[in-house]
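These notes are about the structure you will find just below.
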Amino acid sequence: MSKFNLSDGVEILKGIGSHKKEVLKSIGISTLSELLYYFPRRYLDRNLTSSVVLKNGEVVSVLASVLDTYLAHGKTSRLVVGVRTPNNERISLVFFKGVPYFKNVFKAGMDIVVTGKLEYFRGLQIVHPDYEIISSTDDGDGLDLIHTGRIIPLYPSSESLKKEGLDSRGFRRAIKQILDMVKENKLDIGEVLPGKSIQKRKLSDRYTSFFEIHFPSDHDSMQEAKRRFAYEEIYFFHLLMAFKVSQREKIKRKLWPLKESQTANKLVQSLPFQLTKEQENSIQKIRMLQQLDVPMAVLLQGDVGSGKTVTGLILALYYIENNIQVCMVAPTEILARQHYHTIQTLLGYAPFIGVELFLGGEKVKVRREKLARLKNGETLFVIGTHSLFQDDVLFSDLGLVIIDEQHKFGVDQRESLRSKGKNPDILAMTATPIPRSLCLTLYGDLNLVTIKAKPKGRKPIVTKWFFEDKRQSVYNSIKKYIGQGRQCYIVYPLVEESEKLDLKSCIDAYESLSMSEFKDYTMGLLHGKMKANEKDAVMHSFKEGKINILVTTTVVEVGIDVPNATVLVIEHADRFGISQLHQLRGRVGRGEHESFCIFLTPFKVSEEAKVRLESLVEYSDGFQLAEIDMRLRGPGELLGVRQSGLPDFKIADMQKDSELIQQALEDVQEFGELGDLEKIEIKNRFWEGRILFSN
Ligand code: ADP
Ligand code: MG
């Protein structure tokens with residue numbers, strides 16, 4: 001072959017016909033470059049596995065080839081697959097279940113990797129091993145011989161790929177061909193990273209990295225190659241974010257919040273407390289951003305109870321007083337109502353401001369009127385739930401969007417609100433702290449402002465974990481604190497999978513407790529399935545102090561603020577995740593009184609639940625808990641399905657590569673050239689955070 005280029009189609013490769021070309025295209029691979037970026041899922045160290053001395057009781061992962069399969073009939077019939085290791089040891093793989101299936105899977109001559117625990121039963125055997133087929137007999141080009149005795153790559157494959165011969169072996173053959181062609185033709189494949197990155201971070205060059213990631217010489221060089229590509233991926237991700245920010249900054253501000261606001265000053269003076277330094281600093285910082293001629297996008301982070309609501313409200317007044325509309329969304333109806341009431345109370349001195357609550361499920365006529373008031377600008381401050389995302393919600397001049405508990409919303413929802421105004425400012429607020437590396441990748445296009453400390457005088461929340469046999473003494477403590485004038489939450493788990501049952505146990509508990517244990521107290525019940533006005537009435541009475549004990553579900557998880565409630569009991573606490581427990585715990589500790597958070601669980605809880613509960617008992621800081629949570633569950637789980645904004649990194653790992661994420665960001669800030677983005681091809685909208693490489 002003479003002249004070729006990495007942007008050439010895969011069909012120029014030997015062995016890639018039209019069928020393979022089509023099936024590769026279906027997984028997004030059309031060019032040689034795209035094929036080179038198809039990285040191995042994992043590796044197999046043939047050297048290592050073949051040199052293991054097999055012993056009874058040992059868990060091993062070995063390469064083996066299938067000798068024979070037969071059905072053995074004894075007390076229970078079973079399938080026995082005889083295999084031989086490269087060291088000529090024979091192992092029997094035994095299957096009791098799925099015999100007809102496995103009989104079809106294993107064919108004599110096939111190479112497989114077997115993982116499992118060796119047992120001795122008339123020879124070495126493994127019962128129901130994990131296995132992976134790495135080749136099939138009809139493929140006799142001896143490629144595996146080339147790679148015997150080294151680390152070999154295993155590629156992700158699917159049934160349809162395999163059907164076309166694109167199993168690991170097929171990919172190896174194709175990719176090896178490209179690398180050989182590059183070498184033979186002395187083709188310069190160029191570099192996509194800036195020279196400064198390569199130097200500063202001591203990254204290996206592009207060709208070497210491609211070679212080593214597919215056909216590693218040893219473990220270390222494979223790691224180096226992985227580090228290079230992880231850096232590359234993150235670098236371009238940050239660069240893309242920077243590009244998006246620069247695009248946004250080309251948009252000039254249309255609506256200017258006031259430089260000074262009488263109503264804001266008045267509000268600050270009329271507050272029953274003094275703003276903390278942290279709150280004041282955050283307001284300062286955000287007001288500076290408000291005065292730039294480009295729309296702002298801020299993520300205001302602060303642990304539960306740090307006082308974000310009033311901070312947001314003060315900032316909102318700079319718009320409202322200038323007749324610019326502000327829209328605030330909260331993830332639950334209960335929270336939206338609470339904000340509405342808080343804001344009405346706090347703005348009691350300024351009744352001229354049109355504040356409106358906008359929820360789903362309202363009468364058509366009411367909704368139509370509200371929509372009209374929004375559209376003609378009569379309503380200046382609207383507070384609501386998801387219902388505000390709907391298409392028929394139109395504003396006259398929307399200047400600021402406040403998103404409370406931002407982590408409960410998807411990124412595209414944030415964007416949908418933005419599109420309702422003329423590039424309004426965005427103030428996203430969140431209490432669920434996320435580890436810094438995640439924050440950088442997920443919210444790289446937002447300015448981060450943090451409220452680091454809670455208002456003074458807050459006592460730490462005493463957190464205790466008891467088994468159910470202590471329930472009576474927990475009840476006694478509740479009575480004691482109610483006796484002192486405080487209030488209490490008892491929270492029951494409610495998860496989607498067992499929603500009906502969970503709800504029933506919550507309602508049952510409410511009924512039996514109010515008839516027996518707490519019959520001399522006023523109890524309230526609050527759950528998501530109640531009618532809106534019922535929920536409202538209960539929340540109102542609880543806030544007023546008329547209810548002593550509120551039995552509830554996770555509907556109170558975020559945002560609810562009743563400072564006089566100081567005892568929170570969580571039933572079946574083992575069923576909650578770390579961040580949920582932390583959020584729930586944030587319902588107490590909001591006032592001057594000492595607060596308690598009590599976990600009740602059965603005697604037997606899973607190991608993970610134990611780690612979660614012990615972490616909560618030990619740590620009060622949300623950031624520390626977030627790190628633990630990420631270690632336990634990984635970034636995807638941590639953020640939950642709603643966070644569609646999580647970038648789909650192919651090789652970088654948001655957890656393990658947190659340092660690299662930081663470094664790449666510094667580099668982009670220091671010497672990143674937006675023009676470099678042309679070296680890679682970017683598809684999709686930026687908030688999907690996806691980058692697809694090609695030359
Ligand atoms: P979060 O940050 O979790 O949203 P909130 O805004 O709900 O917290 O505030 C929690 C509680 O703290 C509220 O009752 C609020 O009135 C009160 N609060 C806010 N700022 C201060 C302050 N500077 N001093 C005392 N209490 C405050
Ligand atoms: Mg809040």
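This is a predicted model, so every value here is computed, not measured. In listed order, ligands and their atoms are each counted from 1.
Listed by chain and residue number, nothing satisfies the side chain to side chain donor-acceptor pair (under 3.5 Å) test with Gln325 (two or more places apart in sequence, or in another chain). In this structure Ser473 satisfies the side chain to side chain contact (heavy atoms under 4.5 Å, CB included) test together with Lys470, sequence neighbours excluded. With sequence neighbours excluded, no residue forms a side chain to side chain donor-acceptor pair (under 3.5 Å) with Asn281.
For a heavy-atom separation below 4.0 Å, the residues in contact with ligand 1 are Phe273, Gln274, Leu275, Thr276, Gln279, Asp303, Val304, Gly305, Ser306, Gly307, Lys308, Thr309, Pro455, Arg458, Asp561, Pro563, Arg590.
By the 4.5 Å heavy-atom criterion applied to side chains, Lys479 and Tyr521 are counted as neighbours.
Using cut-offs of 30° and 60° on the angle between ring planes, the pair Tyr475 and Phe518 is perpendicular.
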Q: Applying side-chain contact (heavy atoms from CB on, under 4.5 Å), run through His582 and Val304 and close with a yes or a no.
A: CA-CA 8 Å; His582 182 63; Val304 261; 3.7 Å; yes
